[in-house]
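All remarks here apply to the structure that follows.
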Amino acid sequence: MRIAKFFVALTAAALTLAACANQKEPAEKAVAQIESALTEIRADAEKYAADDLKSLDDSVAKLKAGLAHQEYSSVVTGAPSVASAVTALKETTAKAKADSEAIMAAAQAEWTELSANVPPLVDAIQTRVDTLAKSHKLPKDVDKAAFETIKTDLETVKTEWTDATREFTAGAAADAVRKARSVRAKAEEIHAKLGMNS
């Protein structure tokens, strides 16, 4: 009887080991596929969906811990949902990247227009300010204090344009365009105050 129980226990242990061994390869393969798919999108995901990537990294770490603890069955069971999350992250990242690229393209197009119009406007204002300063004859509705304010505002406009240009060069086109719009509005206001619109 003891021998029979021993053989039953031995057979059960052998079957358990065989079952684990049968699950090991699929578990390792599933984790490897998930890691490979995640590696393909990691750079973009870090930029466009960092929070989702962090959550997914945590899920992959749990699967890898399951492998390390030889819990192959739970890894095989959990892998499909993690693989689905990788697919979802890939789609989310692709959409966010496409949206970002569209915004960047629009910003670059607007920057081209602004950079063609704002510097000549600022140059024209500077020429007018220099001429008025030399002639000591100010336009109607501009007294000496207002003229000093205009000169200060013009220097601010030039500084802000330089900042916008620096931002655009650094790759922050959307921020540069927002700043450049503000510069153009201020320059147009100065232009009007100096009576240059007529």
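Worth knowing before you read on, the calculation uses all heavy atoms, side chains too, and leaves out hydrogens, waters and symmetry mates. What you see is a predicted model; the values in this text were computed from it and never measured.
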Heavy-atom closest contact ([X] atom, [Y] atom, distance):
X	Y	result
Val60	Glu35	CG1-CG, 4.0 Å
Val86	Ile34	CG2-CG2, 4.0 Å
Leu132	Lys137	CD2-O, 3.0 Å
Leu63	Val75	O-CG2, 3.5 Å
Trp161	Val118	CE3-CG1, 3.6 Å
Ala79	Ala30	CB-CB, 3.7 Å

Nearest 0.5 Å, what's the [atom1]-[atom2] distance between [X] and [Y]?
X	Y	atom1	atom2	value
Asp52	Thr92	CG	OG1	6.0 Å
Asp44	Lys97	CG	NZ	4.0 Å
Glu155	Lys151	CD	NZ	9.5 Å
Ile190	Asp153	CD1	CG	5.0 Å
His136	Phe147	NE2	CZ	10.0 Å
Glu148	Asp143	CD	CG	10.0 Å

Give a yes or no answer on whether the side chain of [X] reaches the backbone of [Y] with a donor-acceptor pair at less than 3.5 Å.
X	Y	value
Thr169	Thr165	yes
Thr156	Thr152	yes
Thr93	Lys90	no

Is it true that [X] and [Y] make a salt bridge, defined as a side-chain N closer than 4.0 Å to a carboxylate O?
X	Y	answer
Asp175	Arg178	yes
Lys95	Glu91	no
Lys134	Asp130	no

* Asked: Would Lys193 and Ile125 satisfy side chain to side chain contact (heavy atoms under 4.5 Å, CB included), going step by step from the backbone distance to the final call?
  -> CA-CA 10 Å; Lys193 285 179 182 176; Ile125 293 169; over 6 Å; no
* Asked: Under 4.5 Å between side-chain heavy atoms, hopping through other hydrophobics if needed: is there a path connecting Leu56 to Tyr48?
  -> no
* Do Ile150 and Val157 belong together in a cluster built from hydrophobic side chains that touch within less than 4.5 Å? -> yes
* Contact check, side chains of Arg128 and Pro139, non-hydrogen atoms, under 4.5 Å -> yes
* For the residue pair Leu38 and Leu53, establish whether any side-chain heavy-atom pair is separated by less than 4.5 Å. => yes
* Kindly determine whether Asp163 and Arg166 satisfy salt bridge (Lys or Arg N to Asp or Glu O under 4.0 Å), including the steps that lead there. => CA-CA 5 Å; Asp163 292 345; Arg166 188 177 307 114; 3.0 Å; yes
* Evaluation steps, salt bridge (Lys or Arg N to Asp or Glu O under 4.0 Å), between Lys62 and Glu71 -> CA-CA 11 Å; Lys62 287 176 186 172; Glu71 297 167 356; over 6 Å; no
* For the salt bridge (charged side-chain N to carboxylate O under 4.0 Å, His left out) test, which of Arg184, Lys186, Arg181 pairs with Glu160? -> Lys186
